Amino acid sequence: MKRIITFTLLICFLLSGCTKQNSKLTKTVLAMDTVMTLTIYGGTEQHMDEAGQLIKELDDLLSATKDSSETNLINTSHGASISVSDKMMHLIRRSVELGDSTNGALDITLTPVIRAWGFLGGDHRVPDDSELQTLLEKVDYSKIQTGDGTVALPEGMEISFGAVAKGYAGDLLMELFSSQGIESAIVTLGGNVQALGLKPDGSKWNVAVQDPFSDGTLGMLQVDDKAVVTSGGYERYFEQDGETYWHIIDPATGKPAGSGLVSVTIVCDSGVTADGLSTALFVMGLEDAIEYWKTNGGFDAVLVTDDGSVYVTKGIAGDFEPENGQMQIIE
Ligand code: AMP
Ligand code: MG
């Protein structure tokens, strides 16, 4: 009898150990104008609360529409050099680097133009060419000056992080979870997905890539320890006089990017890089995007053109399963 009790206690102990190791916690957070879902395995409510606080802190720091944000402080500094937080500094520096490497396709000073189209609060409208030309005079990320913990932005220019903030949040969440000793986690931040490690059973995570032409799925992607970020014209847009105007703007024209791409998914170790590149490659179009991938590397991509063709870079071709079985592999 004593043996049976000892054996039963041992089994219970082992089971509870296993359950704790694999126990799943999920939290939904509304931030950065989107719904965020965090899932961690083997963590505690305390870990999750810290993640929620981190997201709130980032939202308060980076928002272009909150008066008290650091972004707004920079935008209202009238050209003066001001001290900023390490997080702000890092994000500005990385955004400027991505602006350089993408030949300005990503430009975090596009803010006045984005606002004119009504994609930063306010009503959607179609600005005329002369208005856009005037606004574009205030757009040029290379004029942002960074010093030792300081940023100076010329008078009249404004920064915003719609194209990169969620990717950066993904990176910081992965860092936080790692520091908490969590080995397995996945977050969905609007169109961004970022995974830490593998699933608790040791298999890869399945991430659905949305079909830009329907509510369905374009295909399934298997990843581990990666960010998967999609920029799509279908995510935010409005229609006027039979025309569709989406929220991804070509800094060269100030108008919605008409590059022939309708969706760009980037798979990469870094969320902020994936986010910046998903926007920039959408602006570039298929040919320049492929050229960029060949020259720079360090990421993979699923590119969808307006005729429905799907192009996948070779690094993830074996991990991507298109719904209709059709894709072209970029070598
Ligand atoms: P994403 O969904 O990551 O492609 O980011 C799109 C958001 O970034 C838009 O809603 C705008 O706020 C902003 N944005 C649009 N076009 C650009 C661009 N070319 N460079 C930087 N930010 C942009
Ligand atoms: Mg982006």
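Everything quoted here is computed from the prediction, not taken from an experiment. Numbering of residues begins at 1 and proceeds along the displayed sequence.
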Tell me whether Lys27 at atom NZ has more than 12 heavy atoms from other residues, nucleotides or ligands lying less than 6.0 Å away. yes

Whether the Ser63 and Ser69 side chains hold a donor-acceptor pair (N or O, under 3.5 Å, no angle test) is what I'd like checked. no

Side chains of residues 238-252: which donor-acceptor partners sit under 3.5 Å, not counting sequence neighbours?
{"from": "Trp246", "atom 1": "NE1", "to": "Ala257", "atom 2": "O", "distance (Å)": "3.0"}
{"from": "Asp250", "atom 1": "OD1", "to": "Ala252", "atom 2": "N", "distance (Å)": "2.9"}

Would you check if the side chain of Asp275 reaches a backbone N or O of Gly271 as a donor-acceptor pair within less than 3.5 Å? no

Can you tell me if Asp86 has over 12 outside heavy atoms packed within less than 6.0 Å of its CG?
no

Go through the steps to decide whether Leu132 and Trp117 satisfy the test side chain to side chain contact (heavy atoms under 4.5 Å, CB included), and finish with yes or no. CA-CA 10 Å; Leu132 287 176; Trp117 287 94; 3.8 Å; yes

- Would you find more than 12 non-hydrogen atoms of other residues, nucleotides or ligands less than 6.0 Å from Lys143 atom NZ? no

Rounded to the nearest 0.5 Å, the CG atom of Leu172 sits from the CD1 atom of Ile55 at a distance of 10.0 Å

Between the side chain of Thr313 and the main-chain N/O of Ala301, is any donor-acceptor distance below 3.5 Å? yes

For Arg115 and Glu158 the tightest heavy-atom approach is NH2-OE1, 2.8 Å

Close side-chain approach of Asp129 to Lys255, heavy-atom, < 4.5 Å: yes

Would you find a donor on one side and an acceptor on the other, under 3.5 Å apart, between the side chain of Asn192 and the backbone of Val229?
-> no

If two hydrophobic side chains count as joined below 4.5 Å and joins carry through other members, does Ile74 share a cluster with Leu120? no

_Atom CG of Asn206: over 12 foreign heavy atoms under 6.0 Å_ = yes

* To do: Taking the side chain as every heavy atom from C-beta outward, state whether Leu277 and Tyr292 have any pair of such atoms under 4.5 Å apart.
  => yes

Interatomic distance, CD1@Ile186 vs NZ@Lys199, rounded to 0.5 Å, equals 9.0 Å

Between Tyr311 and Ser309 the two heavy atoms that sit nearest each other are CE1-CB, 3.6 Å

Checklist entry - If two hydrophobic side chains count as joined below 4.5 Å and joins carry through other members, does Ile144 share a cluster with Ile82? => result yes

### Message
Please determine whether the number of non-hydrogen atoms from other residues, nucleotides or ligands lying under 6.0 Å from atom CD of Glu97 exceeds 12.
### Response
yes

Margin query: For Asp100 and Tyr141, which I'm curious about, is there any donor-acceptor pair between the side chains at under 3.5 Å?
Written below: yes

- List the steps, then state whether side chain to side chain contact (heavy atoms under 4.5 Å, CB included) holds for Phe320 with Val267. CA-CA 11 Å; Phe320 182 66; Val267 181; over 6 Å; no

Rounded to the nearest 0.5 angstrom, the CG-NZ distance for Asp33 and Lys166 is 8.5 Å

One should read off an interatomic distance between Asp171 CG and Arg94 CZ, to the nearest 0.5 angstrom, of 9.5 Å

task: Flag the pair Asp60 / Ser68 as yes when at least one side-chain heavy-atom distance between them is below 4.5 Å, and no otherwise.
output: no

Would you call Gln180 and Thr44 a side-chain contact if the rule is heavy atoms closer than 4.5 Å? no

To the nearest 0.5 Å, atom OG of Ser95 lies from atom CZ of Phe161 at 5.5 Å

Transitively linked via ILVMFWY side-chain contacts under 4.5 Å: Met220 with Leu198? no

* Check the surroundings of atom CG in Asp128: do more than 12 heavy atoms from other residues, nucleotides or ligands lie under 6.0 Å from it? => yes

**Report entry** Cationic N near anionic O, under 4.0 Å, Glu291 to Lys294
**Finding:** no

Heavy-atom closest pair (Val187 atom, Phe177 atom, distance to 0.1 Å) is CG1-CE1, 3.9 Å

Test side chain to side chain contact (heavy atoms under 4.5 Å, CB included) applied to Thr39 and Leu25, step by step:
CA-CA 6 Å; Thr39 304; Leu25 281 179; over 6 Å; no

Any ion pair linking Glu70 and Lys87 (charged N to carboxylate O, less than 4.0 Å)?
no

For Glu235 and Ser231 the tightest heavy-atom approach is OE1-CA, 3.8 Å

For Ala64 and Thr71 the tightest heavy-atom approach is CA-CG2, 4.1 Å

Looking only at heavy atoms, the pair that brings Ala280 and Ala105 closest together is O-CB, 3.7 Å

Task: 4.5 Å side-chain heavy-atom contact, Leu135 and Glu131 - done: yes

*Verdict with supporting geometry, Ile40 and His47, side chain to side chain contact (heavy atoms under 4.5 Å, CB included)*: CA-CA 9 Å; Ile40 59 175; His47 294 145; 4.1 Å; yes

- Would you say Val193 and Leu221 make side-chain contact, with heavy atoms under 4.5 Å? no

Does the side chain of Phe299 reach to within under 4.5 Å of the side chain of Leu281, using non-hydrogen atoms? yes

Counting distance only, does the side-chain N/O of Ser259 pair as donor-acceptor with the main-chain N or O of Phe282 below 3.5 Å?
yes

- Flag, side chain of Thr111 to backbone of Ser160, donor-acceptor distance under 3.5 Å: yes

Original post:
Counting only N and O atoms by type, is there a donor-acceptor contact under 3.5 Å from the side chain of Ser184 to the main-chain atoms of Gly197?
Top reply: no

Query raised in the report: Is there a path of hydrophobic side-chain contacts, each under 4.5 Å between heavy atoms of I, L, V, M, F, W or Y residues, that connects Leu176 with Met36?
Result: yes

Q. Got Ile329 and Glu331 here, is their nearest side-chain heavy-atom distance under 4.5 Å?
A. yes

Applied to residues 48-79, the ring-ring contact (aromatic ring centres under 6.0 Å, His included) test, sequence neighbours excluded, yields none

message: With clusters defined by side-chain heavy atoms of hydrophobic residues (ILVMFWY) lying less than 4.5 Å apart, directly or transitively, does Leu110 cluster with Ile92?
response: no

OG (Ser77) and CG (Leu153) are apart, to the nearest 0.5 Å, by 6.0 Å

Under 3.5 Å: donor-acceptor pair, side chain of Asn75, backbone of Ile159 = yes

### Message
Could you check whether Gln46 and Glu50, counting side-chain N and O atoms only, form a donor-acceptor pair closer than 3.5 Å?
### Response
yes

Q.
Tell me whether Asn324 at atom CG has more than 12 heavy atoms from other residues, nucleotides or ligands lying less than 6.0 Å away.
A. yes

